[in-house]
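Notes follow the structure.
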Amino acid sequence: MTRLGILLSGRGSNFEAIADHVAAGDLEAEIAVVISNRSEAPGLEAARRRGLPAVAIPSKGLDREVYDRMAIEELRRCGVGLVCLAGFMRLLSATFVRAFPNRILNIHPSLLPSFPGLDAQHQALEHGVRVSGCTVHFVDEYLDAGPILAQAPVPVLDTDTVETLAARILKEEHRIYSEALRIVIGGNYRIEGRRVILG
Ligand code: GRF
């Protein structure tokens, strides 16, 4: 059984969607630990409510490398085999990425490589694209950059605000994160350069 480690900084709705799939038995995984760099993150509270191990490792004032070593230690202690970033608002160091090679996933609310970084939904509206969406990708040491596992398009409507667009994208995020997890857990894929080849 794959042991998942979830890293989050805020609301935690992607974590909750994954936890729902795990609880329903349609993901061959268990959530070994939920870690947040913000002790007040609602996602941590949600994890506790579900009876899952929830650990705050505050990042404030800590050097990236020092922080990442603490997180790696906790993930190892919990026997984590696959790390899911779910609204984790920090860039990972090379040390972290090398500790879990091709075993770290992230979800981003745009069709990468468009609109990496913060406020992706705002960026999409500002740019005037007709279609945005979301992406699940493997994590490397660059921002929103690793090989892509899954994407879903979401139309941008003339009436959209950042909030309405974000809400429509979020629905798809909740769907494709578990789809991507199923692929990685099943192991029926290979990575060739930037491409993830299925089957
Ligand atoms: C999501 O939009 C995700 O794509 C981005 O941060 C947001 C996290 O939302 N990386 P939540 O905490 O999972 O609700």
Side-chain angles (χ1 to χ4, degrees), residues 2-24 26-27 29 31-38 41-44 46-47 52 71 75 80-92 96-97 100 102-124 129 131-156 162-186 189 191 194-196 198:
T2 303
R3 291 179 64 77
L4 303 178
I6 313 270
L7 265 59
L8 53 80
S9 302
R11 178 177 58 183
S13 73
N14 275 289
F15 148 62
E16 294 225 67
I18 293 168
D20 285 345
H21 282 282
V22 169
D26 53 39
L27 267 182
I31 296 177
V33 66
V34 177
I35 298 176
S36 179
N37 63 317
R38 297 200 184 126
L44 265 190
L52 296 169
L75 291 165
V80 166
L82 184 57
V83 179
C84 303
L85 309 186
F88 188 61
M89 305 305 282
R90 290 175 61 83
L91 196 59
L92 302 187
F96 197 130
V97 173
F100 293 94
N102 291 332
R103 299 301 285 175
I104 310 172
L105 308 184
N106 181 43
I107 180 127
H108 183 75
S110 75
L111 292 175
L112 290 172
S114 288
F115 315 130
L118 290 176
D119 301 323
Q121 304 93 334
H122 177 75
Q123 292 185 53
V129 291
V131 180
S132 191
C134 49
T135 304
V136 180
H137 63 94
F138 287 103
V139 172
D140 59 21
E141 26 191 310
Y142 305 100
L143 183 65
D144 300 326
I148 291 170
L149 264 158
Q151 292 188 300
V154 172
V156 179
V162 173
E163 289 72 29
T164 58
L165 178 60
R168 216 168 325 107
I169 292 175
L170 193 63
K171 236 182 181 168
E172 292 299 292
E173 293 185 37
H174 294 165
R175 186 174 64 76
I176 69 167
Y177 211 158
S178 289
E179 263 179 35
L181 273 168
R182 212 164 284 126
I183 294 169
V184 176
I185 290 165
Y189 67 94
I191 302 174
R194 286 206 45 85
R195 300 181 70 194
V196 180
L198 306 182

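Along the sequence shown, residues carry numbers from 1. Keep in mind that what you see is a predicted model, and the values were worked out from it rather than measured.
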Work out which heavy atom in [X] is nearest to a heavy atom in [Y]; give both atom names and the distance.
X      : Y      : answer
Ser9   : Met89  : OG-N, 2.8 Å
Ser132 : Val156 : N-CG2, 3.8 Å
Leu75  : Gly5   : CD2-CA, 4.0 Å
His137 : Ala145 : CE1-N, 3.7 Å
Thr135 : Leu112 : OG1-N, 3.0 Å
Ala29  : Val22  : O-CG1, 3.2 Å

Within a strict 4.5 Å, meaning less than it, do heavy atoms of the [X] and [Y] side chains meet?
X      : Y      : value
Arg11  : Leu170 : yes
Phe15  : Leu52  : yes
Phe96  : Leu7   : yes
Phe138 : Ile104 : no
Val129 : Ser114 : no
Leu181 : Leu4   : yes
Leu92  : Leu85  : yes

Could you measure the distance from the [atom1] atom of [X] to the [atom2] atom of [Y]? Nearest 0.5 Å is fine.
X      : Y      : atom1 : atom2 : value
Leu149 : Asn106 : CG    : CG    : 11.0 Å
Glu141 : Leu91  : CD    : CG    : 9.0 Å
Tyr177 : Asn14  : OH    : CG    : 7.5 Å
Ser36  : Leu8   : OG    : CG    : 5.0 Å
Gln151 : Glu179 : CD    : CD    : 12.5 Å
His174 : Cys134 : NE2   : SG    : 9.5 Å

(message) Under the rule for salt bridge (Lys or Arg N to Asp or Glu O under 4.0 Å), what residues qualify as partners of Arg3, not counting sequence neighbours?
(response) Glu30
(message) Would you say OH of Tyr142 has more than 12 non-hydrogen atoms from neighbouring residues, nucleotides or ligands within 6.0 angstrom?
(response) no
(message) Here's a test for you: under side-chain contact (heavy atoms from CB on, under 4.5 Å), which of Glu173, Arg168, Gln121 qualifies with Val154?
(response) Arg168
(message) Walk me through whether Arg103 and Val184 qualify under side chain to side chain contact (heavy atoms under 4.5 Å, CB included).
(response) CA-CA 8 Å; Arg103 299 301 285 175; Val184 176; 3.5 Å; yes
Is the backbone N or O of [Y] less than 3.5 Å from a side-chain atom of [X], with the two atoms forming a donor-acceptor pair by type?
X      : Y      : result
Arg182 : Asp26  : yes
Glu172 : Pro153 : no
Gln123 : Leu118 : yes

(message) The criterion is side chain to side chain donor-acceptor pair (under 3.5 Å); which residues satisfy it with Ser110, sequence neighbours excluded?
(response) His108
(request) Decide side chain to side chain contact (heavy atoms under 4.5 Å, CB included) for Ile107 and Ile176; before the verdict, give the C-alpha distance in whole Å, the side-chain angles of both, and the deciding distance to 0.1 Å. (result) CA-CA 9 Å; Ile107 180 127; Ile176 69 167; 4.2 Å; yes
